[in-house]
Amino acid sequence: MKAAAVNKPIIGISASLLMIETGCFKGRERVFVGQDYIQAIVQAGGIPVVLPVVSDEGAVERQMELIDGLLLSGGYDVHPLLYGEEPDALLQDLYPERDQYEIQLTQGAYQSGMPILGVCRGLQLMNVAFGGTLYQDVSRHSPFVLQHLQHAQVHVGAHTVELVEGTVLKNAMQVDLLLTNSFHHQSVKKVAPGFRVNALAKDGIVEGIEKVDHPFIVGVQWHPELMVEKQLEAGKLFKSFVEASKAARR
């Protein structure tokens, strides 16, 4: 194996399920991760591996031993019972097995000092895993909110977010105001203990959080992996994550 590859950190990307809707395998489930996540990690200097949902605790622990950083990807809503609420009428699709699996991954990564980057649902899962809560739909936040589920192309910035001074996120992206894409209908309600807000939308919706006692446990509500080719700051975020994973491995 080439020395350059040996020195690159291995980034585990949590996977979701895709139901096949046509053809001879209709109704079967497939594990999937968006190719944009993979390309973002490769461009940032990491080696991506896909982490499928497994229920065996020993298997989860072995997965964790193989990676240097954890990327929590987007996907289904987080089950509200995990933060003490009954399902809202606006709640959408759930995948409880993934919730439980990723909570174990997240808490294990934290305990081992591993860097974590949460994207969209990944931020929400991270918040719930450490004791926070969610708005089951952004409309529950206030009578008026911005468009958080955009209809524009995925790489197009939909609204701005303000980055908080002195945060890991601000230091990574090196801007005060960022134009982001937006594909979510849930958001952070109560920030988990030990976390702070690192980004806010103009309507008050939390757009980012990070753990205060760890070098890199960061969540963002938008999808920077879809903007890497168009936005310099998106690439900087993944680069910072990969570099933190490399440093933690050392």
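Here the structure is a predicted model, which is why all the values come from computation and not from measurement.
- With hydrogens and angles left out, the side-chain atoms of Gln186 and Gln92 include no donor and acceptor closer than 3.5 Å.
- By the 4.5 Å heavy-atom criterion applied to side chains, Asp77 and Asp93 are not counted as neighbours.
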Taking it one step at a time, do Asn181 and Val156 satisfy side chain to side chain contact (heavy atoms under 4.5 Å, CB included)?
CA-CA 6 Å; Asn181 55 9; Val156 174; over 6 Å; no
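- Nearest heavy atoms, Gly46 versus Val242: N-CG1, 3.7 Å.
- Asp88 is not listed as a side-chain neighbour of Pro80, based on a closest heavy-atom distance of 4.5 Å or more.
- Using modelled atom types, one finds a donor on one side chain and an acceptor on the other under 3.5 Å when comparing Asn198 with Glu210.
- Ring centers of His223 and His184: at least 6.0 Å apart, outside the cut-off.
- Formation of a donor-acceptor pair under 3.5 Å by the Asp137 side chain with backbone atoms of Arg140 is not found in this model.
- Leu237 and Pro224 get closest at one heavy-atom pair: CD2-CG, 4.0 Å.
- Here the side chains of Met64 and Glu61 are not in contact, with every heavy-atom distance at 4.5 Å or above.
- Put simply, the side chain of Glu162 never gets that close to the backbone of Leu177: no donor and acceptor are under 3.5 Å apart.
- For the atom pair Leu125 CG and Cys120 SG, the distance stands at 11.5 Å (nearest 0.5 Å).
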Between Tyr101 and Gln63, does a side chain to side chain donor-acceptor pair (under 3.5 Å) hold up when you go through it step by step?
CA-CA 11 Å; Tyr101 168 71; Gln63 285 180 329; 2.6 Å; yes
Test log, rule side chain to side chain donor-acceptor pair (under 3.5 Å), inputs Gln221 and Gln124
CA-CA 8 Å; Gln221 188 58 80; Gln124 297 163 8; 3.2 Å; yes
Should Lys246 and Glu243 be marked as a salt bridge (Lys or Arg N to Asp or Glu O under 4.0 Å) after you check the CA-CA gap, both sets of side-chain angles, and the distance that decides it?
CA-CA 5 Å; Lys246 186 176 182 179; Glu243 288 298 319; 5.3 Å; no
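- At least one side-chain heavy atom of Val206 sits under 4.5 Å from a side-chain heavy atom of Leu200.
- Note on Trp222: it clusters hydrophobically with Val197, by side-chain heavy-atom contacts below 4.5 Å among ILVMFWY residues.
- In this structure, the separation between NE2 on His159 and CD1 on Ile205 is 9.0 Å, given to the nearest 0.5 Å.
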Side chain to side chain contact (heavy atoms under 4.5 Å, CB included) for Leu66 and Val49? Distances and angles first, verdict last.
CA-CA 10 Å; Leu66 299 174; Val49 297; over 6 Å; no
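- A donor-acceptor contact shorter than 3.5 Å links the side chain of Gln136 to the backbone of Glu86.
- Smallest separation of non-hydrogen atoms from Phe130 and Pro193: O-CD, 3.4 Å.
- Rounded to the nearest 0.5 Å, atoms CE (Met114) and CG (Leu105) are 9.0 Å apart.
- Of all heavy-atom pairs spanning Leu90 and His185, the tightest one is O-CE1, 3.3 Å.
- Hydrophobic cluster membership is shared by Ile116 and Ile10, with clusters built from Ile, Leu, Val, Met, Phe, Trp and Tyr side chains linked at under 4.5 angstrom.
- At a cut-off of 3.5 Å, with distance as the only test, a side-chain donor of Gln43 or Glu229 sits close to an acceptor on the other residue.
- Taking 4.0 Å as the cut-off between side-chain N and carboxylate O, Lys236 and Glu233 do not count as a salt-bridged pair.
- Atom CG of Leu117 is separated from atom OH of Tyr37 by 9.0 Å, given to the nearest 0.5 angstrom.
- Using modelled atom types, one finds a donor on one side chain and an acceptor on the other under 3.5 Å when comparing Asp203 with His148.
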Just do the side chain to side chain contact (heavy atoms under 4.5 Å, CB included) check on Leu178 and Gln231 with the steps written out, would you?
CA-CA 10 Å; Leu178 186 71; Gln231 185 188 72; 3.6 Å; yes
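- Side-chain N or O atoms of Thr180 include none that pairs as donor or acceptor with a backbone N or O of Thr160 at under 3.5 Å.
- Looking at heavy atoms from C-beta onward, Tyr83 lies out of side-chain contact with Asn127 at the 4.5 angstrom threshold.
- Of the charged side-chain nitrogens involved, none lies within less than 4.0 Å of a carboxylate oxygen, so that Asp68 and Lys8 do not count as a salt-bridged pair.
- In terms of hydrophobic clustering, with Ile, Leu, Val, Met, Phe, Trp and Tyr side chains grouped at heavy-atom distances under 4.5 Å, Val212 and Val188 are assigned to different clusters.
- Ring geometry for His214 versus Tyr110: interplanar angle of 30 to 60°, hence tilted.
- Contact annotation: the side chain of Met126 approaches that of Phe195 to within less than 4.5 Å [non-hydrogen atoms, C-beta and beyond].
- The NE2 atom of His79 lies 12.5 Å from the CG atom of Leu134; values are rounded to the nearest 0.5 Å.
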Taking it one step at a time, do Glu102 and Ser14 satisfy side chain to side chain donor-acceptor pair (under 3.5 Å)?
CA-CA 8 Å; Glu102 288 188 341; Ser14 65; 2.7 Å; yes
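- In this structure, the side chains of Ile103 and Leu82 come closer than 4.5 Å at one or more pairs of heavy atoms.
- Val33 is connected to Val220 through a chain of hydrophobic side-chain contacts under 4.5 Å among Ile, Leu, Val, Met, Phe, Trp and Tyr, so both are in one cluster.
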Evaluate side chain to side chain contact (heavy atoms under 4.5 Å, CB included) for Val50 paired with Val31, printing each intermediate quantity in order.
CA-CA 9 Å; Val50 177; Val31 172; 4.3 Å; yes
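- Under a hydrophobic-cluster definition in which Ile, Leu, Val, Met, Phe, Trp and Tyr are linked whenever side-chain heavy atoms come within less than 4.5 Å, directly or via other members, Val119 and Val154 are assigned to different clusters.
- For the pair Glu85 and Lys189, the salt-bridge criterion is met [side-chain N within less than 4.0 Å of a carboxylate O].
- Side chains of Asn171 and Val168 form no contact here, defined as non-hydrogen atoms less than 4.5 Å apart.
- The environment of Glu57 atom CD is sparse: at most 12 non-hydrogen atoms of other residues, nucleotides or ligands sit within 6.0 angstrom.
- Atom CD1 of Ile209 sits about 10.0 Å away from atom CD1 of Ile217, to the nearest 0.5 Å.
- The two residues Ser16 and Tyr76 have their closest heavy-atom pair at OG-CE1, 3.5 Å.
- Nearest heavy atom pair, residue Leu123 against residue Gly208, reads CD1-CA, 3.6 Å.
- Taking 4.0 Å as the cut-off between side-chain N and carboxylate O, Asp99 and Arg121 count as a salt-bridged pair.
- For Gln153, the CD atom is loosely surrounded, since the number of other residues' heavy atoms within 6.0 Å does not exceed 12.
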